[in-house]
Amino acid sequence: MPEKKKSKLDKVRNFGVCAHIDAGKTTTTERILFYTGKEHAIGEVHDGSATMDYLVEEQERGITITAAATSIEWDGHDLNLIDTPGHVDFTAEVERSLRVLDGAVVVFDGVHGVEAQSETVWRQADRYEVPRICFINKMDRGGADFDGSVKTIQERLGVATIPLTVPVGAADTFRGVVDLVTLQFLTFEGDQGTDVKRSAIPEELQDEMELRRSELVEGLADHDDALAEKFLEGEAIDDATIHAAIRKVVLERTLYPVLAGSALRNAGVQPLLDAIVRYLPSPLDRGSVVGHVPDKPEKGLTFKAEAKAPLCALAFKILGDAHGDLTFVRIYSGTIKQGKGMYNPRLGKHERAMRLLRMHASEREQLDSAGAGQIVAIAGLKQTATGDTLCDKSDPIAIESIRFPEPVISMAIEPRSTADKDRLGEVLDRMAREDPTFRVTTDPETGQLLIAGMGELHLEVLKNRLLRDFKIEANVGKPRVSHRVTVRAKGKATHTFQRLIAGVEQTATVTMQVEPGEQGSGVSFESTASPVDMTPEFVAAVEEGVRFAADGGLGLGFPVIDVKATLLGGRMHETDSTVTAFQVAGGEGFGEACEAGGVVILEPVMEFEVTTPVAYVGPISSDLIRRNALIEGDDLRGDLRAIRGKVALNQMFGYSTAVRSLSQGRASYSMQPAGFREVPPEERKRLTFED
């Protein structure tokens, strides 16, 4: 099977394009595909022709829902690109993409600068230590402000920046950018901006641009000794020295380059591509993959990022396909060959790569093999899940998996016929395998089947897939908030279980202590019980009982979170104690200890940002206050005002319709999870049917 010549690892760039919704991320990606020759025509988001938004839901809504991968070439480099969603409901797609990428381009709206989801994406990239380049887009829009947008990056994200290209003009007067490294004026001419013309900087801008270049060099000198030495000695600093210094600060994440343009007007994208290959890391720059011996996290392992090393790959995405699931993997070391078996240490089983594919959105190219540094899809993996490591059985390794946020909203679903009931279970299992933030549960009180997700839009998309794509006939309820339970303070209880079961006396006594845990810690368990009082088998049974009780929500039906449970001690009978008895005693003792500490019901809280023309600030603020929102601040962005704060998710159902009505369709808003808080007393009464 023919394959193109393999690129050296130092010529490979694995990067993603990330942004707040409507910042122009997919439009930028479409231009990248066009200018690299991957596509012969530019796809547009607004008319549903964008290559990377290939799902029907994406084309209808004009937004990215699922991360799409493609491979392109630029200036002798192989680029693996992932276009990620910008809507907070699909932030898991960003999370798993950034986990496997070496670098990222973060796109900002030139009018609004840093927006709510921009901050979320930035924090996700920080978590995985991903080097970044910033692209200030939409410089052709009314109200566009390059320096103002850069200032929001510095202030709201808390990072230092270095502009590399600066726009000439803004809105209707935007006509190109100045390259501060070469001090040239770049215009984008010809058919769809394909001809990049370099000329002298307009005379009226020369002094300003020379000053900006000096500031660029001074900023780099603080981080690069070679450049600093030339700068201090007054030597001329050539372009190559500046490029090397920029690459250094990008890899170290000490300064973040900023470029300007307008993707929709086909301006500024080629310099961005140049910056990607010059400054973002190769797999070699990111270094060897670090993991541990499976089931022995204390025993570290390191594999080199090279094709001849032992295999280490991470499955980061499952995509349903008419011919079977496709598993997207990032290969960190070694080589995967078509038809070759791989070992999954979590399962303790072998999986076989029946087909190996290079993806271009929904299109695919079959490969014989793929090596270190590549992102490919594998057909034929039966049980591998998102976050699993794939390796050689002879050299097993496990690497850090991927953490996903818990769903915060759910709705009931009920099949209309027995035939639909049988199919529904299969379809829901498949959807849960694809989407780690999708959950399927059964209400313990009503027996209703519940599907849960990250927000209203997420559930709407899931519902449409069920009804339209999979042709499931079902009744779907209204979305409702997914509450949680925790404890207010430390509590302790001793519980004895003693019961005659099938003519056999069973008994167990445990002393449990609970206390508030760290935010996001779930339920942790430890034992300080003496082995004399309780065998390891019974301690394990107590932990199982505690976790079962926590999942059941202490009879309230809401999962327990952020609680530390400690088994202080217990008592076992020489003949009557059983595993079952200690499971029950552990669960009931945990519940009583929680009651002693004070059970608290929590509701999800969202950070919101509403951007509106100044004329509508009053009505929108009044409506937010009516929804018990806490307004924390606002700032002026051109002729728009951004209102920020926190609000309970329960208060924001249907808000998109409300904010459009209040602003005659001219305001927009976004939300992102901000944790949980205790529900008000009246809400607790409603949830628990208290008097």
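These values consider heavy atoms only, across backbone and side chains, with no hydrogens, waters or symmetry-generated copies. From a predicted model like this one, the values you see are computed outputs, not experimental measurements.
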> With side chains defined as the heavy atoms from C-beta onward, is the minimum distance between N650 and E683 less than 4.5 Å?
Replying inline: yes
- R547 and E544: CA distance, side-chain angles, deciding distance, salt bridge (Lys or Arg N to Asp or Glu O under 4.0 Å) verdict: CA-CA 5 Å; R547 297 201 179 280; E544 189 173 338; over 6 Å; no
Walk me through whether L98 and C18 qualify under side-chain contact (heavy atoms from CB on, under 4.5 Å).
CA-CA 9 Å; L98 288 173; C18 314; 4.1 Å; yes
### Query
Can a salt bridge be assigned to the pair E95 and R127 using a cut-off of 4.0 Å between side-chain N and carboxylate O?
yes
TODO: Apply side chain to side chain donor-acceptor pair (under 3.5 Å) to D435 and T437, showing your working.
DONE: CA-CA 5 Å; D435 185 349; T437 59; 2.7 Å; yes
Value for CZ (F538) from CD (E543), rounded to nearest 0.5 Å, stands at 15.5 Å
One should read off an interatomic distance between I561 CD1 and R484 CZ, to the nearest 0.5 angstrom, of 6.5 Å
I'd like to know if the side chain of R439 reaches the main chain of P436, judged simply by a donor and an acceptor atom lying under 3.5 Å from each other, with no hydrogens or angles considered. yes
Which of I397, V100, L311 passes side chain to side chain contact (heavy atoms under 4.5 Å, CB included) with Y332? Answer is V100
Practice item. Apply side-chain contact (heavy atoms from CB on, under 4.5 Å) to V408 and V481, showing your working. Key: CA-CA 6 Å; V408 295; V481 162; over 6 Å; no
Worksheet item: Quick one: do E434 and R465 make a salt bridge, cutoff under 4.0 Å?
Response: yes
dist I318:CD1 -> T327:OG1 (nearest 0.5 Å) comes out at 3.5 Å
Nearest heavy-atom contact between R430 and D325 is NE-OD1, 4.5 Å
Just checking R677: does its CZ atom have more than 12 heavy atoms from other residues, nucleotides or ligands closer to it than 6.0 angstrom? yes
Checklist entry - Charged N to carboxylate O below 4.0 Å: is that the case for R123 and D126? => result no
Checking E351 side chain against K382 main chain: does a donor-acceptor pair fall under 3.5 Å? yes
Checklist entry - Does I451 reach the side chain of F438, with side-chain heavy atoms less than 4.5 Å apart? => result yes
Between G520 and D562, the two heavy atoms sitting closest are N-OD1, 2.9 Å
Would you indicate whether the side-chain heavy atoms of M512 and K492 approach each other to under 4.5 Å?
-> no
Here the gap from E119 atom CD to S670 atom OG, rounded to the nearest 0.5 Å, amounts to 9.5 Å
Shortest non-hydrogen pair, S482 vs P604, comes out as O-CD, 3.7 Å
Ion pair check, R644 and E607, cut-off under 4.0 Å
no
Practice task
Could you tell me whether the side chain of E515 reaches within less than 4.5 Å of the side chain of K564, counting heavy atoms only?
Solution key: yes
Shortest non-hydrogen pair, A529 vs G569, comes out as CB-CA, 3.7 Å
One should read off an interatomic distance between Y343 OH and S394 OG, to the nearest 0.5 angstrom, of 11.5 Å
TODO: Using modelled atom types only, decide if a donor and an acceptor are shared between the side chain of R352 and the backbone of G339 within a distance under 3.5 Å.
DONE: yes
Of all heavy-atom pairs linking Q117 and T91, the shortest is NE2-OG1, 3.7 Å
message: Pair L301, V290 - check side-chain contact (heavy atoms from CB on, under 4.5 Å), show working.
response: CA-CA 6 Å; L301 289 174; V290 177; over 6 Å; no
Please step through side chain to side chain donor-acceptor pair (under 3.5 Å) for the pair S97 and K317, ending with a clear verdict.
CA-CA 8 Å; S97 298; K317 179 181 174 70; over 6 Å; no
#### Entry: pair V539-L567: side-chain heavy atoms closer than 4.5 Å
yes
### Message
For K421, is the NZ atom crowded, meaning more than 12 foreign heavy atoms sit under 6.0 Å from it?
### Response
no
Is it the case that atom CZ in R571 sees more than 12 heavy atoms from other parts of the structure closer than 6.0 Å?
no
### Message
Show, in sequence, the C-alpha distance, side-chain angles and deciding distance for T578 and Q506, and conclude whether the side chain to side chain donor-acceptor pair (under 3.5 Å) test is met.
### Response
CA-CA 6 Å; T578 63; Q506 298 201 31; 2.5 Å; yes
Would you say the side-chain atoms of H350 pair up with the backbone N or O of G341, donor to acceptor, closer than 3.5 Å? no
Which of L556, I601, L602 passes side chain to side chain contact (heavy atoms under 4.5 Å, CB included) with H483? It is I601
key: Heavy-atom side-chain proximity of V563 to P516 below 4.5 angstrom   = no
- Task: May I ask you to decide if V600's main-chain N or O and T486's side chain share a donor-acceptor pair within less than 3.5 Å?
- Result: no
* Asked: Does R355 reach the main-chain N or O of A379 with its side chain, forming a donor-acceptor pair under 3.5 Å?
  -> no
*asked:* Before you tell me yes or no, could you show the steps for T84 and E93 under side chain to side chain donor-acceptor pair (under 3.5 Å), namely the whole-Å CA-CA distance, both residues' side-chain angles and the distance that decides it to 0.1 Å?
replied: CA-CA 6 Å; T84 67; E93 293 289 309; over 6 Å; no
Practice item. For R433 and T384, indicate whether the former's side chain and the latter's backbone hold a donor-acceptor pair under 3.5 Å. Key: yes
Q) Given the rule in the side-chain contact (heavy atoms from CB on, under 4.5 Å) test, do F590 and H495 qualify, once you have shown the distances and angles that lead to the verdict? A) CA-CA 9 Å; F590 174 73; H495 181 84; over 6 Å; no
Would you say E456's side chain and G654's backbone share a donor-acceptor pair under 3.5 angstrom? yes
Counting distance only, does the side-chain N/O of S530 pair as donor-acceptor with the main-chain N or O of V532 below 3.5 Å? yes
Note to self: Ring centroids only, cut at 6.0 angstrom: are Y655 and Y669 within range, meaning strictly under it?
What the structure shows: yes
All heavy atoms of A658 vs all of R627, minimum pair found to be CB-NH2, 3.4 Å
Check your understanding: Any Lys/Arg nitrogen of R286 or E129 sitting under 4.0 Å from an Asp/Glu carboxylate oxygen of the other?
Key -> no
Looking at F470, is its backbone amide N or carbonyl O close enough to the side chain of R423 to form a donor-acceptor pair, meaning the two atoms are under 3.5 Å apart? yes
Check your understanding: Would you say the side chain of L630 lies within less than 4.5 Å of the side chain of V647, judging by non-hydrogen atoms?
Key -> no
One should read off an interatomic distance between D469 CG and M431 CE, to the nearest 0.5 angstrom, of 8.5 Å
Point to revise | I413 vs V440 side-chain heavy atoms within contact, under 4.5 Å | key: no
